[in-house]
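Remarks on the structure that follows.
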Amino acid sequence: MKRALRAMSRMMKGMASVRANSGACAVTIMLTVLLPGAAPAGDSIVIGGKIFTEAYVLGEIAAQTVEASSTVPVTRKLGMGSTGILFEALKSGAIDVYSDYTGTLAEAILKKPDLKSLDEIRAALGALDLTISGSLGFNDTYALAVKESFAEQHQLHTIGDLIPIQSGVRAAFSYEFMDRKDGYPGLVNNYHLAFDTQKVSRMEHSLSFQAIDQNAVDLIDVYSTDAKIKKLHLRLLKDDHNYFPVYQAVWVASKSFVAEHPREWQALLALEGRISETAMLDMNAQADIQKIPFNKIAAQFLGSEARNSEGWWQEVGRRTREHLWLVGVSLLFSVLVGIPLGIAAVRFHATGQAILLSSAIIQTVPSLALLCFLIPVFGVGTKPALAALCLYSLLPVVLNTFTGIRAVNPIHLENARAFGLNRRQVLFRVVLPLASPTLLAGIKTATIVSIGTATLAALVGAGGYGAPIVSGLALNDVHTILTGAIPAALMALVAHGIFELLGVVLIPAGLRRRS
Amino acid sequence: MKRALRAMSRMMKGMASVRANSGACAVTIMLTVLLPGAAPAGDSIVIGGKIFTEAYVLGEIAAQTVEASSTVPVTRKLGMGSTGILFEALKSGAIDVYSDYTGTLAEAILKKPDLKSLDEIRAALGALDLTISGSLGFNDTYALAVKESFAEQHQLHTIGDLIPIQSGVRAAFSYEFMDRKDGYPGLVNNYHLAFDTQKVSRMEHSLSFQAIDQNAVDLIDVYSTDAKIKKLHLRLLKDDHNYFPVYQAVWVASKSFVAEHPREWQALLALEGRISETAMLDMNAQADIQKIPFNKIAAQFLGSEARNSEGWWQEVGRRTREHLWLVGVSLLFSVLVGIPLGIAAVRFHATGQAILLSSAIIQTVPSLALLCFLIPVFGVGTKPALAALCLYSLLPVVLNTFTGIRAVNPIHLENARAFGLNRRQVLFRVVLPLASPTLLAGIKTATIVSIGTATLAALVGAGGYGAPIVSGLALNDVHTILTGAIPAALMALVAHGIFELLGVVLIPAGLRRRS
Amino acid sequence: MLELQNIYKTFEDRAVLVDVNLMVPKGATHALIGSSGSGKTTLLRITLGLIPFDKGYVKINGHALLSFTPVEWADRIGYVPQDGGLFPHITARNNVALIAKLRGWGKSKIDERVEELRKIVDLDAEILGRFPREMSGGQKQRVAIMRAAMMDPAVMLLDEPMAALDPLIRSSLQQELKSIFQRLNKTVLLVTHDLGEAVFLAEQITMLHEGRMVQTGAYGDLLLRPASPFVTQFINAQRTLPDAGDVR
Amino acid sequence: MLELQNIYKTFEDRAVLVDVNLMVPKGATHALIGSSGSGKTTLLRITLGLIPFDKGYVKINGHALLSFTPVEWADRIGYVPQDGGLFPHITARNNVALIAKLRGWGKSKIDERVEELRKIVDLDAEILGRFPREMSGGQKQRVAIMRAAMMDPAVMLLDEPMAALDPLIRSSLQQELKSIFQRLNKTVLLVTHDLGEAVFLAEQITMLHEGRMVQTGAYGDLLLRPASPFVTQFINAQRTLPDAGDVR
Ligand SMILES: Nc1ncnc2c1ncn2[C@@H]1O[C@H](COP(=O)(O)OP(=O)(O)OP(=O)(O)O)[C@@H](O)[C@H]1O
Ligand SMILES: Nc1ncnc2c1ncn2[C@@H]1O[C@H](COP(=O)(O)OP(=O)(O)OP(=O)(O)O)[C@@H](O)[C@H]1O
Ligand SMILES: [Mg+2]
Ligand SMILES: [Mg+2]
């Protein structure tokens with residue numbers, strides 16, 4: 001049991017760390033229509049953010065900065081899936097500002113990796129009606145790290161300082177760093193380093209921290225603001241050749257936001273250059289290692305009081321909204337798509353068999369595999385979760401629609417035609433009302449299955465009740481699990497109640513029994 | 001995507017390695033009745049086996065030994081979940097023989113960890129109508145390992161040999177080993193070792209292999225027949241004080257098997273003392289590292305020709321049987337329990353609401369969480385998978401039974417009573433036939449959802465199509481994934497076809513439409 | 001002997017039956033006539049114990065409805081519902097034979113009995129293999145009569161059993177039933193809108209109007225000594241065929 | 001004018017209608033009588049275009065069934081199915097008003113028309129709010145007649161529309177219908193087992209037997225110049241009330 005829990009927790013982490021997935025491209029028609037990125041922005045300023053520590057911290061900093069400079073309410077949409085999703089959200093106005101890195105913008109959004117300077121990137125984004133601030137002050141890129149003690153011993157400050165001791169250095173580099181042209185090969189070239197290849201090993205990134213801590217190696221590659229740098233007392237070696245690509249942190253905003261809220265944008269711009277690498281590293285460490293809430297970290301940085309930490313009720317409220325959104329959309333989908341498919345299945349025999357078969361086959365794809373397959377298409381976040389939920393909710397609705405309609409006594413159809421109802425009218429006035437109990441049972445099954453399956457959505461960062469369940473399972477913390485599991489069960493209860501009521505409203509009185 | 005896959009693979013491994021889970025105790029009433037351990041033995045000799053490499057190898061050796069000495073056909077049931085499951089299977093006659101370790105038998109089955117000698121254990125098992133062979137020749141227990149090169153350098157052969165260099169040894173021990181009384185604390189005591197505690201670290205077991213390989217440490221704890229010992233060129237240090245508990249490998253058999261098949265039992269006994277630690281370690285390495293099929297390894301060991309490796313068709317056939325068993329039992333459950341619950345829900349109003357609600361709430365427990373919660377109750381293997389599948393298949397059946405019955409025109413019930421049908425007869429002659437289309441749709445939904453959900457069963461070692469899907473996801477090997485996914489889809493197709501036929505047989509002709 | 005004493009019944013506060021008293025001696029046939037919606041069908045359903053009623057007693061041979069199990073009670077009574085009430089999912093033959101099968105009759109005994117009844121109601125043998133939705137209105141009605149008679153019950157309740165039959169079959173069936181009722185000493189309560197049928201089959205007639213009994217008596221009483229002008233009106237309303245003489 | 005020419009219909013190889021020819025001039029009422037299962041209901045369903053047939057033509061005013069859309073055709077014809085055929089899920093009022101609503105009639109116009117029809121069939125206003133399962137057989141039948149008449153169609157097909165009505169309501173309804181048919185010049189095809197009703201309402205009568213037309217003509221023709229002995233037998237089978245003189 002414990003091992004299973006631990007394995008699950010590792011899995012969650014693996015999934016959450018899928019960072020800048022391009023995704024969100026080959027969207028199937030139906031689903032794009034249904035999924036407008038996220039809920040619309042409305043009258044508040046919406047701060048977005050990606051799903052890793054640094055993005056949470058920066059998002060909280062942005063939110064509190066705007067709150068301090070404005071009376072417009074601020075909505076936080078932190079922990080969104082991928083660069084692609086945030087970009088779409090920005091374009092559609094679902095969010096107003098978020099933090100990103102110049103390198104990522106150039107590569108993932110502009111698809112021009114050779115754009116380096118802030119001005120070039122800002123100009124290119126202009127064409128998309130977006131803009132960026134100047135650098136916030138730090139560069140989150142590759143860096144080389146050694147232990148403080150080791151650095152002291154050998155007087156290491158820059159990468160170049162490694163040359164005198166190069167033949168004796170034991171290095172462990174990540175597979176990615178070793179393989180990328182702009183990683184190890186270029187580095188050695190650029191700095192004319194000559195490590196003893198016997199002493200350079202490839203290692204899983206997370207293991208290399210362990211290795212350097214245990215003095216098994218002397219030098220590793222890191223992201224320059226990784227919290228572990230602080231935790232393990234490592235020193236970053238200065239890249240004085242500016243060899244590594246630049247990943248300056250910036251605010252990304254839509255031009256319309258800048259135009260409509262100049263004051264707030266100015267407040268954000270005032271942060272330019274204010275967040276040093278050390279400061280960022282510090283804040284990441286506070287979050288990752290000391291587990292201080294993001295809002296506290298941001299408040300401390302900004303020198304203001306933390307707004308009250310999100311209370312239990314608030315968290316449950318937010319999770320409820322997220323979960324409702326997931327279940328609601330898939331419910332809508334199953335009604336708007338499943339019922340017509342069920343009707344079509346009755347009307348056209350061969351097509352009908354095909355429809356019933358496909359909805360059956362979709363159901364056999366296990367949820368984890370389906371989510372894995374949907375990630376390349378939809379990225380991480382709400383979309384793949386919604387897509388999976390929609391697909392899963394089809395079978396009960398299609399099958400019950402089909403069955404319900406087939407069970408309608410044909411004499412009623414004959415009479416309806418005799419009285420001059422056309423096909424549509426026969427369908428809506430006679431067939432569907434008479435089939436409504438069975439139909440409603442199918443929708444109810446789909447909804448309740450969705451409430452359960454939607455907890456899996458947390459695996460792709462879509463939030464909802466799954467988030468506490470998943471982290472609770474990871475931490476082996478029953479209390480946290482229940483924070484998600486009990487509201488999910490309650491939602492099923494409420495859904496049950498709503499369907500009882502719907503039964504009263506939708507099932508024609510003439511079919512109901514007085515018992 | 002890749003990371004997600006990797007994370008899943010890690011998870012599977014984590015779950016599969018839950019080794020000797022006591023489990024199988026607090027079985028709920030209904031489910032025990034439905035789950036007779038595994039399929040019955042019949043006229044063949046059934047060789048069981050647990051779900052880790054060594055158990056597969058030994059199982060294959062036993063199977064081939066019996067095959068060579070007997071004309072009775074041999075059935076392999078390797079990869080079963082836990083000690084508890086194998087024990088139950090042995091008692092009920094579902095299997096005849098399997099391999100286990102004296103320590104495990106004493107602890108997990110006899111609950112008398114102080115029984116040490118083979119004779120004591122055999123005597124105690126006798127009371128349960130079981131018996132064991134003598135030791136097969138090796139002891140799979142804790143051991144200390146160092147690198148060959150390190151051993152050469154310091155002339156290390158026994159644990160005692162560490163004393164001269166004890167203050168300089170860098171050791172990494174697993175958490176379990178450090179914490180168990182009969183692990184590190186007792187060891188130091190027993191051998192009067194005085195390691196430099198600064199140099200002794202705790203480490204995840206799998207990481208310690210990595211650490212010793214990278215010369216970060218010099219000494220680690222291992223299981224004495226772990227394949228990695230060979231792979232990483234480690235040397236085991238002899239426990240010349242016999243400090244570590246003994247885990248002698250033995251055959252465990254039911255007395256009835258010994259009585260009915262004395263010749264075959266003799267053939268198995270002939271293997272006593274024949275499998276040395278080195279030989280076992282070698283075979284484990286062949287399986288784990290060289291990926292040689294178990295049957296080849298066993299055949300080579302026994303000096304006979306390997307029987308033909310299980311072909312693609314045979315594997316699919318076996319997976320199909322396993323999957324059918326999972327789906328079949330849960331289907332049976334949903335029919336035998338779901339339909340009566342649905343009927344009860346119609347008959348008693350308050351109870352009805354309670355039934356509908358509970359089946360809805362069960363559905364909201366996410367499958368991974370449910371499996372995790374069921375493992376402590378049912379152990380690993382088919383049982384928790386079946387329990388989960390049964391629970392999940394309830395809602396569609398209960399809800400459609402309820403809805404179908406409620407939709408029956410009450411005039412038919414009134415007439416039935418007027419003609420003198422009693423309650424049972426009204427139910428079976430009128431209500432159920434008239435509700436049968438809706439009912440059947442519910443069972444069909446449940447079945448097809450089960451076919452999909454049953455692939456999750458592989459996570460708890462229950463086999464089925466999930467096994468290739470899960471290992472395919474782990475290896476990122478689409479071909480292997482499809483080996484499971486396509487048959488699962490086909491099974492859904494066949495299920496669809498069968499339900500069409502069932503419709504013809506079960507739905508009264510008077511209700512069917514000629515179209 | 002079938003007795004209904006002081007029956008009151010309301011549907012959602014509307015009185016549907018008010019103080020109805022009826023006594024059908026063993027072996028007698030009693031006709032229930034009255035305007036549409038006057039409560040005739042409701043009275044039969046109450047007699048069968050199918051719906052609860054507010055006040056009164058229903059008795060067979062002096063034993064009250066409540067002293068029997070529903071099955072025992074139903075076994076004593078054969079019933080033809082107003083609309084035939086065939087089960088839609090089984091064939092005509094199975095509709096007729098259902099109870100006999102459940103009571104363990106042998107196949108040959110069932111076949112014999114079905115054949116006997118089939119001849120009485122003059123139905124084509126082939127029709128027995130059909131489902132209700134494949135039969136004409138009159139065919140369904142005849143199957144319903146067969147079903148009610150199948151177990152040869154002592155009491156029969158017939159709700160407009162021949163309304164959908166053509167005159168030819170109807171009159172021959174009336175003949176058959178009359179002789180059966182007399183020969184086998186059946187106690188019969190018959191609802192009909194056909195006064196001719198009522199007079200032909202029943203010794204006593206009760207007229208119901210808006211849930212109340214207007215009059216009970218032989219046809220002669222109703223005709224010659226009507227309890228109210230409504231009775232006379234009702235009887236005279238029956239449209240008769242013009243005589244041959246009145247026709248060009 | 002409603003014309004049926006050379007209609008043939010088989011159900012699973014059993015001939016149900018064989019060469020049926022029928023001509024109902026505009027404004028005329030035609031009665032269809034015949035034994036149970038002779039194909040009367042089937043003929044009406046064919047006329048309505050509800051079931052396919054094997055041969056022949058159905059025409060209104062010279063235009064064939066096939067030259068209309070089903071909705072256009074249905075709009076020309078009012079229909080009372082044999083069993084009433086009310087939709088179970090809506091109230092009696094909604095059953096009656098359904099088509100008018102779909103055709104966009106205003107509420108007051110609908111209410112007026114419903115009220116008018118309600119008076120004709122002599123139904124309690126309160127009953128219109130009930131669902132079919134809460135009505136008596138005769139009440140349902142009257143609602144079915146209201147529904148058929150609602151849109152004031154030029155052609156009406158009535159399948160035993162008054163079989164479940166008591167003599168009093170039946171005869172007054174017959175009066176009403178007759179005057180409506182004449183006043184509004186309706187073309188009517190009426191199936192009935194009540195010869196009195198057929199003679200009272202229809203100028204021409206067609207007798208069907210086992211799917212074939214036995215005779216078409218006025219009542220006098222059937223009575224005085226029967227095409228076969230069966231016709232005479234059929235007419236004489238109608239059981240009449242004993243005269244007052246024959247009664248004690
Ligand atoms: N389930 C019900 N709910 C409410 N009212 C009902 C119900 N069943 C019958 N009624 C009403 O009770 C009264 C008596 O109905 P009943 O069916 O007994 O009449 P009936 O004498 O059989 O009429 P008919 O000759 O038309 O069949 C009618 O007014 C009817 O509308
Ligand atoms: N769906 C069907 N399948 C097979 N046979 C049918 C079907 N519908 C009607 N029949 C048969 O066709 C014949 C004519 O039926 P129809 O209903 O037209 O008779 P009818 O003249 O209306 O009789 P009734 O006076 O009893 O209502 C009958 O023998 C009937 O059994
Ligand atoms: Mg009635
Ligand atoms: Mg008919």
Side-chain angles (χ1 to χ4, degrees), chain B residues 335 339 342-343 346-349 400-444 499-515, chain C residues 41-42 44-52 68-104 129-135 140 143-144 146-151 153 155-159:
Chain B
V335 170
I339 294 180
I343 294 169
V346 177
R347 195 156 283 174
F348 314 106
H349 187 74
N400 267 30
T401 303
F402 178 80
T403 309
I405 291 181
R406 291 261 293 199
V408 169
N409 191 336
I411 200 73
H412 297 311
L413 307 189
E414 182 174 313
N415 283 335
R417 280 196 291 137
F419 298 123
L421 276 70
N422 62 28
R423 282 187 157 230
R424 256 179 58 88
Q425 291 164 342
V426 172
L427 188 65
F428 285 103
R429 298 285 174 159
V430 181
V431 174
L432 290 184
L434 287 175
S436 59
T438 311
L439 235 130
L440 218 60
I443 298 174
K444 182 172 171 181
F499 275 93
E500 292 286 296
L501 286 183
L502 273 184
V504 174
V505 178
L506 292 185
I507 299 178
L511 296 183
R512 261 177 280 136
R513 290 211 212 159
R514 315 227 166 114
S515 55
Chain C
T41 299
T42 306
L44 293 201
R45 288 166 78 205
I46 285 174
T47 310
L48 276 154
L50 298 179
I51 51 174
F68 295 87
T69 69
V71 174
E72 284 171 353
W73 187 262
D75 273 351
R76 281 175 168 64
I77 307 182
Y79 176 43
V80 180
Q82 182 159 11
D83 55 358
L86 298 185
F87 294 123
H89 59 293
I90 49 179
T91 59
R93 177 183 305 281
N94 285 338
N95 262 289
V96 175
L98 179 63
I99 308 297
K101 272 188 201 153
L102 293 178
R103 296 287 178 272
R130 293 205 213 149
F131 292 105
R133 67 182 149 87
E134 300 167 334
M135 298 193 283
K140 282 188 273 198
V143 173
M146 288 172 68
R147 174 170 66 174
M150 182 72 186
M151 305 301 289
V155 177
M156 294 195 76
L157 304 185
L158 313 175
D159 200 349

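Here the structure is a predicted model, which means the values were calculated and not measured. Note on naming: letters A, B, ... go to the chains in the order of the sequence lines (proteins, then strands), and numbering restarts at 1 for each one.
Of the atoms belonging to C:R103, it is side-chain heavy atoms, and not backbone ones, that fall under 4.5 Å from chain B. The part of B:Q425 that comes within reach of chain C is its side chain, from C-beta onward, which places non-hydrogen atoms under 4.5 angstrom from that chain. Contacts of C:I99 with chain B are made by side-chain atoms alone, with heavy-atom separations under 4.5 Å and no backbone atom involved. Contacts of C:R130 with chain B are absent, with no heavy-atom separation under 4.5 Å from either backbone or side chain. The contact between B:R429 and chain C is made by backbone and side chain atoms together, counting heavy-atom distances below 4.5 Å.
Of residues 84-93 of chain C, those residues with a non-hydrogen atom less than 4.5 Å from any non-hydrogen atom of chain B are, in numerical order, C:G85, C:L86, C:F87, C:P88, C:H89.
Highest contact tally toward chain B, considering only C:V71, C:L157, C:D75, C:L102, is held by C:L102 [criterion: heavy-atom pairs under 4.5 Å].
Summarising the geometry, atom OH belonging to C:Y79 is positioned 11.5 Å from atom CZ belonging to B:R417; distances are rounded to the nearest 0.5 Å. Interatomic distance, B:N415 CG to C:D83 CG, rounded to the nearest 0.5 Å: 7.0 Å.
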Please report the C-alpha distance between B:N422 and C:T69 in whole Å, then the side-chain angles of each, then the deciding distance to 0.1 Å, and finally whether the side-chain contact (heavy atoms from CB on, under 4.5 Å) criterion is met.
-> CA-CA 10 Å; B:N422 62 28; C:T69 69; over 6 Å; no

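In terms of heavy atoms, C:A74 sits closest to B:A418 at CB-O, 3.4 Å.
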